[in-house]
2 protein chains.
Amino acid sequence: METLEGLEGRSLTVAELVNVLRSAIVGGELVPNQRLVEADLAAEYRASRGNIRAALAELTVEGLVERVQNRGARVRAVSVEEAVEITEVRAALEALCARKAAERITDAEASELQELAKRMKDAVERGDRDSYSESNQTLHARVIEISAQQTAAATIHRLRGQAVRFQFRLARQPGRPAVSLPQHLAIIDAVCAHDPDAAAEAMRVHLESVADVIRSTHA
Amino acid sequence: METLEGLEGRSLTVAELVNVLRSAIVGGELVPNQRLVEADLAAEYRASRGNIRAALAELTVEGLVERVQNRGARVRAVSVEEAVEITEVRAALEALCARKAAERITDAEASELQELAKRMKDAVERGDRDSYSESNQTLHARVIEISAQQTAAATIHRLRGQAVRFQFRLARQPGRPAVSLPQHLAIIDAVCAHDPDAAAEAMRVHLESVADVIRSTHA
DNA sequence: ACATTTAAGATTGTCAACAATTTCTTGTAC
DNA sequence: GTACAAGAAATTGTTGACAATCTTAAATGT
């Protein structure tokens, strides 16, 4: 993720602007529905309006920005229904990744996941939310890496950016670890046991339960 | 899909250019790896270079065009491995759609699908490739529509554009209908029977078999 | 003949000005 | 006081010009 520091003098390129603006939106500095006036952004980020415009166009295709003809751009506000849909798509895609990971995981990678399982159990026992949340993210990321599915990985990543706001509140839900820990352990077991069907189903069930939580907390 | 006719005089807007260029790429008028020189395209399509440039940027995010810094754009050549990955992602996503469709299908929609099943059987019996191929596309499209999953639908549509070249050759494969017809019928049966798990699995198996064909024909 | 350098041409990257559209403000009639 | 209309301000859409970069080809030296 790029920042603004250390770029004195010269103005930002389009690619840089895309990264800066994406970080600002995903990071919450630019809030949903906030208007994105090209001239203002150009002044704020020391860029020409043309480049700001090009960056906004790219972020529109990525789904982070919404544009209306002759009315400009806003940070796209993702509705609860959309967040649920996005999570369900993630469920399907990460299930695919879990399946592939179970097929091609090496012994070294397996013991790495076992180690992660231990860390997660420990964290929940100690009530260490931050450590558990971090291991959680690591698990999902590692399964995707092990699966070696470029297309699925790219799609998951893009969608995650859109729904990150909902994900965030979720982790702080009381009693959530008690539900998700066994699901995470089931995923690790199935992947390490080279059982593609079980791995896919465990991942799908896990993320469908996340979708259920989003549904119910915002009903 | 937009064309060039009936737009005399005025030059094309960015949104129009995106559609025109997308059609040209997906339709095969612009072949993989073909260089896309901004000035040339501007002359060809009666647009300013700036607009061509913006359109190419959007198509790059969509995955249809590839750009290298200071070296311009080309039509992205999708490798066999990528086509397989794309089909597997489609398998996961259309399986999700089949699952949702099975949950929410109405009686009217069910009899529509039954009708389609009959047409497919007839077409295969008569050896009518074109009719079968058309019904095939209709089936996939209708299942997605019935599922009412916007996010999944948009993702599937984008990916299909990238791999359309491989899909095309596939339909002409001899003996293919004999394999795919029972798969299609199984999908229709499960969706109409309101059996989400069976519908998802039937769709997944069907598209995984498509992925296998792509793998083997290009090995 | 081969490798290196240098210049020319082609192409992309950036910018600032202009045109078109929308939104806001003010004035007027009822 | 409200509704409507006209003008001003703000904002986006488009274009052409200029700068930066890469590619090609000729020129030079060994």
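In what follows, chains carry the letters A, B, and so on, assigned in the order in which the sequence lines appear, proteins first and then strands, with residues in each chain numbered from 1.
Within 6.0 Å of atom CD in B:Glu109, more than 12 heavy atoms from other residues, nucleotides or ligands are found, so the atom counts as buried in its surroundings.
For the residue pair A:Arg99 / A:Gln149, no side-chain donor-acceptor distance below 3.5 Å is found, with atom types taken as modelled. Checked by atom type, the side-chain pair A:Arg176/A:Ser209 shows a donor-acceptor distance below 3.5 Å. The closest side-chain donor-acceptor pair between B:Gln137 and B:Arg142, if any, does not fall under 3.5 angstrom. Checking A:Gln162 against A:Arg76 by side-chain atom types alone, a donor-acceptor pair falls below 3.5 Å.
Running 5' to 3' along DNA chain C, contacts with non-hydrogen atoms of chain B at under 4.0 Å begin and end at C:dT11 to C:dT14.
With A:Arg90 as the fixed residue, the side chain to side chain donor-acceptor pair (under 3.5 Å) test singles out one of A:Glu208, A:Glu85, A:Gln167: A:Gln167. Checked against A:Glu62 for a salt bridge (charged side-chain N to carboxylate O under 4.0 Å, His left out), the options A:Arg160, A:Arg158, A:Arg22 give a single hit: A:Arg22.
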Next on the checklist: Can you build the contact string for nucleotides 8-20 of chain D? Use B for base contact, S for sugar-phosphate-only contact, and - for no protein heavy atom under 4.0 Å.
Outcome noted: ---SBBBS-B---

